[in-house]
**Student:** 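Pasting in a structure now, in structure tokens, and then I'll have a few things to ask.
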Amino acid sequence: MQYINLPEAHEVRSLSFYLAMEEFVARHVDADDCFFMWQVEPSVIFGRNQMTENEVNLTYCQEHHIQVYRRKSGGGCVYADSDNVMLSYISKGDNVGLAFNRFIQMMLLVMRKMGVEAVGTRHNDILIGDKKVSGTACYHIDGRNIVHSTMLYDTNMEHMLQAITPSQEKLQSKGIQSVRQRITLLKDHVTLSLEEVKALIRQTLCSDERTLTASEVAEIEQLEQEYLRKDFINKL
């Protein structure tokens with residue numbers, strides 16, 4: 001599998017850029033399988049069929065400088081920050097289910113290499129014991145499958161709860177402790193740092209690499225504007 005690098009490796013970009021990067025790679029990079037990882041400043045990303053006001057606490061996000069984005073895949077609302085890592089897998093083919101399953105199996109292999117026993121679920125989550133450590137979503141374009149996933153190495157639990165749980169009823173009934181009981185952090189199961197986890201993932205999955213050119217990055221930035229349009233983010 002080919003790892004996709006950016007020319008400015010250490011620059012942190014907005015979540016919308018990486019969504020556009022996935023789409024650009026799917027449309028323009030001629031490789032059977034591509035993969036890259038990314039991290040973002042505090043952000044909320046919700047699925048293509050979700051209503052913003054039902055899924056996101058916009059007031060809290062504004063007050064805490066948490067950016068809000070819509071993706072083109074389905075699935076639920078996710079909080080991300082620089083303490084976890086986002087994974088992007090792009091493959092040729094028309095079978096979304098097969099791409100999902102292949103990605104989950106690859107990540108389970110990585111987890112076993114870390115010494116962690118994990119399982120996949122029919123909802124395409126990865127569990128350690130009965131707690132979720134990774135969630136995955138996918139969509140299909142022009143003979144390509146785009147799979148993206150969140151790996152919870154660590155996270156700001158307060159932001160995770162408040163940013164994606166708008167109603168007071170949910171806040172009172174679930175709360176941080178309840179959320180903590182349903183998810184687990186990878187850092188609690190490994191001795192590796194986040195950078196070491198990322199290195200192991202890359203070494204396990206990728207045997208080749210390609211660095212995008214400055215002109216390709218400019219094309220991604222142009223494509224990114226679609227993800228930033230208000231009518232796209234608030235289309236429902």
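In this chain, numbering begins with 1 at the start of the sequence shown. Not measured: the values here are computed from a predicted model.
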**Student:** Looking at every non-hydrogen atom in both residues, tell me the closest pair between L223 and A20 and how far apart they are.
**Tutor:**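 Smallest interatomic distance, heavy atoms only, reads CD2-O, 3.4 Å.
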**Student:** If we only count heavy atoms from C-beta on, is the T121 to K132 side-chain gap below 4.5 Å?
**Tutor:**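 Not touching, per the 4.5 Å side-chain cut-off.
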**Student:** For the residue pair I90 and F36, establish whether any side-chain heavy-atom pair is separated by less than 4.5 Å.
**Tutor:**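 Yes. Closest side-chain heavy atoms under 4.5 Å.
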**Student:** Measure the shortest side-chain to side-chain distance between Y153 and V85 over non-hydrogen atoms and say whether it is less than 4.5 angstrom.
**Tutor:**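 No. Closest side-chain heavy atoms not under 4.5 Å.
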**Student:** Determine whether Y69 and S14 satisfy the following criterion, side-chain contact (heavy atoms from CB on, under 4.5 Å), listing intermediate values before the conclusion.
**Tutor:** CA-CA 10 Å; Y69 304 93; S14 65; 3.5 Å; yes
**Student:** Could you tell me the separation between the OG atom of S134 and the CG atom of D125, rounded to the nearest 0.5 Å?
**Tutor:**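 Going from OG on S134 over to CG on D125, the span is 7.5 Å.
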**Student:** Could you check L186, L152, V119, D188 and say which one makes a side-chain contact (heavy atoms from CB on, under 4.5 Å) with I128?
**Tutor:**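 When L186, L152, V119, D188 are each tested with I128, the side-chain contact (heavy atoms from CB on, under 4.5 Å) holds only for L186.
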**Student:** Taking F24's backbone N and O only, do any of them form a donor-acceptor pair with H28's side chain (distance below 3.5 Å, no angle check)?
**Tutor:**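 Side chain of H28 to backbone of F24, a donor-acceptor pair under 3.5 Å: no, none is there.
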**Student:** Answer yes or no: is there a donor N or O on one side and an acceptor on the other, between the side chain of R71 and the main chain of G74, under 3.5 Å?
**Tutor:**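 Flag set: sc R71 to bb G74 pair under 3.5 Å.
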**Student:** Please find the pair of heavy atoms, one from M1 and one from L205, that lie closest to each other, and give the distance.
**Tutor:**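 Where M1 meets L205 most closely, the heavy atoms are CB-O, 3.3 Å.
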**Student:** If only atom types and distance count, is the side chain of S43 paired as donor or acceptor with the main-chain N or O of V68 below 3.5 Å?
**Tutor:**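 No; zero donor-acceptor contacts below 3.5 Å.
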**Student:** Enter the distance from H140:NE2 to I146:CD1 here, rounded to the nearest 0.5 Å.
**Tutor:**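 The CD1 atom of I146 is 10.0 Å from NE2 of H140, to the nearest 0.5 Å.
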**Student:** Judged by modelled atom types alone, do E209 and N5 share a side-chain donor-acceptor pair under 3.5 Å?
**Tutor:**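 Result is yes, a qualifying pair exists.
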**Student:** Membership question, hydrophobic clusters at under 4.5 Å side-chain separation (ILVMFWY): are M86 and L228 in the same one?
**Tutor:**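 L228 clusters together with M86.
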**Student:** Check whether any side-chain heavy atom of E41 lies under 4.5 Å from a side-chain heavy atom of V12, and answer yes or no.
**Tutor:**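 They are in side-chain contact.
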**Student:** At their closest point, which heavy atom of C138 faces which heavy atom of V147, and how far apart are they?
**Tutor:**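 For C138 versus V147, the nearest heavy atoms are SG-CG2, 3.6 Å.
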**Student:** Give a yes or no on whether the backbone of S193 and the side-chain of E196 come within a donor-acceptor separation of less than 3.5 Å.
**Tutor:**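 Yes, the answer is positive, given that a donor and an acceptor are paired below the 3.5 Å cut-off.
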**Student:** Assess whether side-chain contact (heavy atoms from CB on, under 4.5 Å) is satisfied between C77 and V44, documenting all intermediate values.
**Tutor:** CA-CA 7 Å; C77 191; V44 165; 3.4 Å; yes
**Student:** Do you know which two heavy atoms are closest between G93 and N145, and how far apart they sit?
**Tutor:**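 Of all heavy-atom pairs spanning G93 and N145, the closest is O-ND2, 3.4 Å.
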**Student:** For the pair H159 (side chain) and A163 (backbone), establish whether a donor and an acceptor sit closer than 3.5 Å, ignoring hydrogens and angles.
**Tutor:**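 Between the backbone of A163 and the side chain of H159 there is no qualifying donor-acceptor contact (under 3.5 Å).
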**Student:** Checking side-chain contact (heavy atoms from CB on, under 4.5 Å) for the pair Q2/D33: CA distance, chi angles, key distance, verdict?
**Tutor:** CA-CA 6 Å; Q2 191 171 70; D33 297 279; over 6 Å; no
**Student:** Would you name the heavy atoms of M160 and I164 that are closest together and state the gap between them?
**Tutor:**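 It is O-CG1, 2.9 Å.
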**Student:** Between A137 and F100, what is the shortest heavy-atom contact and its length?
**Tutor:**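 For A137 and F100, the tightest heavy-atom pair comes out as C-CZ, 3.6 Å.
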**Student:** Is any side-chain heavy atom of T52 closer than 4.5 Å to one of L58?
**Tutor:**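 In contact.
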**Student:** Just by modelled atom types, is the G47 backbone N or O under 3.5 Å from a matching donor or acceptor in the R70 side chain?
**Tutor:**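 Between the backbone of G47 and the side chain of R70 there is a qualifying donor-acceptor contact (under 3.5 Å).
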**Student:** What about the rings of F232 and Y227, do their centers lie closer together than 6.0 Å?
**Tutor:**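 Ring centres of Y227 and F232 closer than 6.0 Å.
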**Student:** Quick check: does any side chain N or O of S82 sit under 3.5 Å from a backbone N or O of V40, one acting as donor and the other as acceptor?
**Tutor:**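 No: the side chain of S82 does not pair with the backbone of V40.
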**Student:** With rounding to the nearest 0.5 Å, note down the distance linking CE in M37 to CG in L194.
**Tutor:**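 Here the interatomic distance stands at 9.5 Å.
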**Student:** For D30, is the CG atom crowded, meaning more than 12 foreign heavy atoms sit under 6.0 Å from it?
**Tutor:**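 No, CG of D30 has 12 or fewer neighbouring heavy atoms, counting only those of other groups under 6.0 Å.
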**Student:** Looking only at side chains, do E224 and S16 share a donor and an acceptor under 3.5 Å apart?
**Tutor:**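 Judged by distance alone, the side chains do pair up.
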**Student:** Ignoring hydrogens and angles, state whether a donor on the side chain of T155 or D81 is under 3.5 Å from an acceptor on the partner side chain.
**Tutor:**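 The criterion, which ignores hydrogens and geometry beyond distance, is satisfied for D81 and T155.
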**Student:** I'd like to know whether CD of E117 has more than 12 heavy-atom contacts from other residues, nucleotides or ligands below 6.0 angstrom.
**Tutor:**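 At most 12 heavy atoms, drawn from other residues, nucleotides or ligands, come within 6.0 Å of this atom.
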**Student:** Assess R202 against Y3: is NZ or CZ under 6.0 Å from the centre of the six-membered ring, and within 45 degrees of the ring's axis?
**Tutor:**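 Judged by the rule (NZ or CZ under 6.0 Å from the ring centre, within 45° of its axis), R202 counts as positioned above Y3.
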**Student:** Using a strict 4.0 Å threshold on nitrogen-to-oxygen distance, state whether R13 and E221 make a salt bridge.
**Tutor:**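 A salt bridge links R13 with E221.
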**Student:** Out of curiosity, M111 CE to I201 CD1, how far, rounded to the nearest 0.5 Å?
**Tutor:**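 So the CE of M111 and the CD1 of I201 are separated by 8.5 Å.
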**Student:** Does N156 reach the side chain of Y79, with side-chain heavy atoms less than 4.5 Å apart?
**Tutor:**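 N156 reaches Y79 side chain to side chain.
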**Student:** Say you draw a straight line from CG of D208 to CZ of F35; how long is it, rounded to the nearest 0.5 Å?
**Tutor:**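 So the CG of D208 and the CZ of F35 are separated by 14.5 Å.
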**Student:** L6: what forms a side chain to side chain contact (heavy atoms under 4.5 Å, CB included) with it, not counting sequence neighbours?
**Tutor:**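 In terms of side chain to side chain contact (heavy atoms under 4.5 Å, CB included), with neighbours along the sequence ignored, L6 is linked to E8, F17, Y18, M21, L212, V217.
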**Student:** Between Q39 and N84, is there a side-chain heavy-atom distance shorter than 4.5 Å?
**Tutor:**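 Sidechains of Q39 and N84: no contact.
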**Student:** Do D142 and K92 meet the salt-bridge criterion of a basic N to acidic O distance under 4.0 Å?
**Tutor:**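 No, this pair does not count.
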**Student:** Side-chain donor-acceptor pair under 3.5 Å between E22 and H148, yes or no?
**Tutor:**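 E22 vs H148: donor-acceptor pair found between side chains.
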**Student:** What's the separation between atom CG in L127 and atom CZ in R182, rounded to the nearest 0.5 Å?
**Tutor:**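 Answer rounded to 0.5 Å: 12.5 Å.
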**Student:** Might you work through the side-chain contact (heavy atoms from CB on, under 4.5 Å) test for E23 and I141, ending with a clear yes or no?
**Tutor:** CA-CA 8 Å; E23 188 172 341; I141 55 169; 4.0 Å; yes
**Student:** Looking at T213, is its backbone amide N or carbonyl O close enough to the side chain of E216 to form a donor-acceptor pair, meaning the two atoms are under 3.5 Å apart?
**Tutor:**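 Judged by distance alone, yes, a pair lies under 3.5 Å.
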**Student:** So do H189 and K131 actually touch side chain to side chain, heavy atoms under 4.5 Å?
**Tutor:**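 Counting from C-beta outward, K131 and H189 never come under 4.5 Å.
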**Student:** Mind running side chain to side chain donor-acceptor pair (under 3.5 Å) on Y89 and R102 for me, showing each step along the way?
**Tutor:** CA-CA 10 Å; Y89 169 59; R102 179 155 189 251; 2.7 Å; yes
**Student:** Checking the side chain of S149 only, and the main-chain atoms of G135 only, is there a donor and an acceptor separated by less than 3.5 Å?
**Tutor:**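 Yes: the side chain of S149 pairs with the backbone of G135.
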